[in-house]
Undergrad: 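Below are the structure tokens for one structure; questions will follow.
Numbering of ligands and ligand atoms starts at 1, following listing order.
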Amino acid sequence: MKNSPIIALDFASAGDAYKFLTPFEQSLFVKVGMELYLQEGPSIVYKLKEMGHDVFLDLKLHDIPHTVGQAMRGLARLGADLVNVHAAGGAAMMIAAREGLEAGTPTGSTRPSIIAVTQLTSTSEAQMQQEQLIPTTIDASVVHYAELAKTATLDGVVCSVLEAKKIADACGQEFLRVTPGIRLAEGEAHDQIRVATPANARILGSSHIVVGRAITNAENPVQAYETILKMWEENA
Ligand code: C5P
């Protein structure tokens with residue numbers, strides 16, 4: 001799995017995604033989320049893999065263990081490099097997810113890595129406390145979910161940059177910390193609440209960053225990607 005910034009292909013159709021990708025000359029690490037996957041289905045993953053890209057299939061599964069296990073068994077055949085579930089689904093669900101992936105990975109292929117979403121980067125501490133009735137700090141909730149994911153033998157978590165270091169300390173450097181909420185300037189948060197720049201993400205302990213609108217909405221997406229890649233690599 002590559003370590004370059006993961007570009008979120010948050011587009012409504014495969015046509016829009018391919019149009020966006022055309023000016024890029026190198027092979028990329030791209031993320032297909034529910035917006036694109038629910039329109040295009042498995043073919044979008046096959047095609048992106050054929051084009052030579054690494055694929056994070058960000059479907060954030062969250063259901064009873066059997067259902068998630070069976071869904072992962074099917075997803076394992078698509079060839080994605082990274083998939084995810086919500087840690088809030090619980091340890092049994094995460095274990096079923098990983099077992100499903102293992103069962104579904106074709107012989108001779110590598111099992112996709114699997115990570116758990118902790119608290120969404122669009123969630124504030126006040127929201128978590130008032131809406132989810134979790135009476136602790138966001139840090140404590142995120143680190144707790146990360147430890148639960150590690151116990152359930154997952155490969156890492158999705159978290160905000162602000163929690164990445166604590167998770168590395170608690171779960172080890174090998175445990176993936178994939179962080180969305182990346183912005184070139186702190187002022188452009190959109191709906192994200194816990195945001196950071198690519199340089200800060202690296203310094204604060206992200207293992208991978210996910211970048212959507214800072215690249216896809218840029219006037220020159222290739223240039224925006226190169227700038228972000230440079231900031232990310234320079235701080236390694
Ligand atoms: O445009 P932006 O950079 O905010 O996009 C972030 C991407 O990361 C979106 O595709 C979003 O679904 C995803 N994501 C997130 N927070 C998580 C998990 C995934 O923002 N916890």
Undergrad: Atom CD of residue position Gln223 - does it have more than 12 heavy atoms of other residues, nucleotides or ligands inside 6.0 Å?
TA: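 At most 12 heavy atoms, drawn from other residues, nucleotides or ligands, come within 6.0 Å of this atom.
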Undergrad: Judging by distance only, is a nitrogen or oxygen of Gly212 under 3.5 angstrom from one on ligand 1?
TA: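 Between Gly212 and ligand 1, an N or O pair is found under 3.5 Å apart.
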Undergrad: Answer yes or no: are there more than 12 heavy-atom neighbours, outside Lys166 itself, under 6.0 Å from its atom NZ?
TA: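 No, NZ of Lys166 has 12 or fewer neighbouring heavy atoms, counting only those of other groups under 6.0 Å.
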Undergrad: Over 60° means perpendicular and under 30° means parallel, so tell me whether His86 and His62 are parallel, tilted or perpendicular.
TA: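 Tilted: the ring planes of His86 and His62 meet at 30° to 60°.
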Undergrad: Within the distance-only criterion (no hydrogens, no angle test), does the side chain of Thr216 pair as donor or acceptor with the backbone N or O of Gly212 below 3.5 angstrom?
TA: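 Answer holds: yes.
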Undergrad: For ligand 1, indicate whether the residue Val158 contacts it via side chain, backbone, both or neither (heavy-atom separation under 4.0 Å).
TA: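 It is the side chain that touches ligand 1; the backbone stays farther off.
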Undergrad: Would you mind telling me if ligand 1 is within reach of the side chain of Asp58, the backbone, both or neither, using heavy atoms under 4.0 Å?
TA: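 It is the side chain that gets close, since no backbone atom is under 4.0 Å.
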Undergrad: Please check: side-chain N/O of Ser206 versus main-chain N/O of Ala201, any donor-acceptor pairing under 3.5 Å?
TA: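 Judged by distance alone, yes, a pair lies under 3.5 Å.
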Undergrad: Give the atoms of ligand 1, by number and element, whose distance to some non-hydrogen atom of Leu120 is under 4.0 Å.
TA: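 Taking each heavy atom of Leu120 in turn, ligand 1 has 17 (C), 21 (N) under 4.0 Å.
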Undergrad: Are any of the heavy atoms in Lys60 under 4.0 Å away from ligand 1?
TA: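 Flag set, Lys60 near ligand 1.
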Undergrad: Which bit of Thr121 gets closer than 4.0 Å to ligand 1, counting heavy atoms only: side chain, backbone, both or neither?
TA: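 Thr121 to ligand 1: contacts from backbone and side chain alike.
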Undergrad: Please round to the nearest 0.5 Å and tell me the distance separating atom CD of Gln39 and atom CZ of Phe11.
TA: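 Answer rounded to 0.5 Å: 14.0 Å.
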Undergrad: Quick one: does Lys31 get a heavy atom under 4.0 Å from ligand 1?
TA: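 A heavy atom of Lys31 does come that close to ligand 1.
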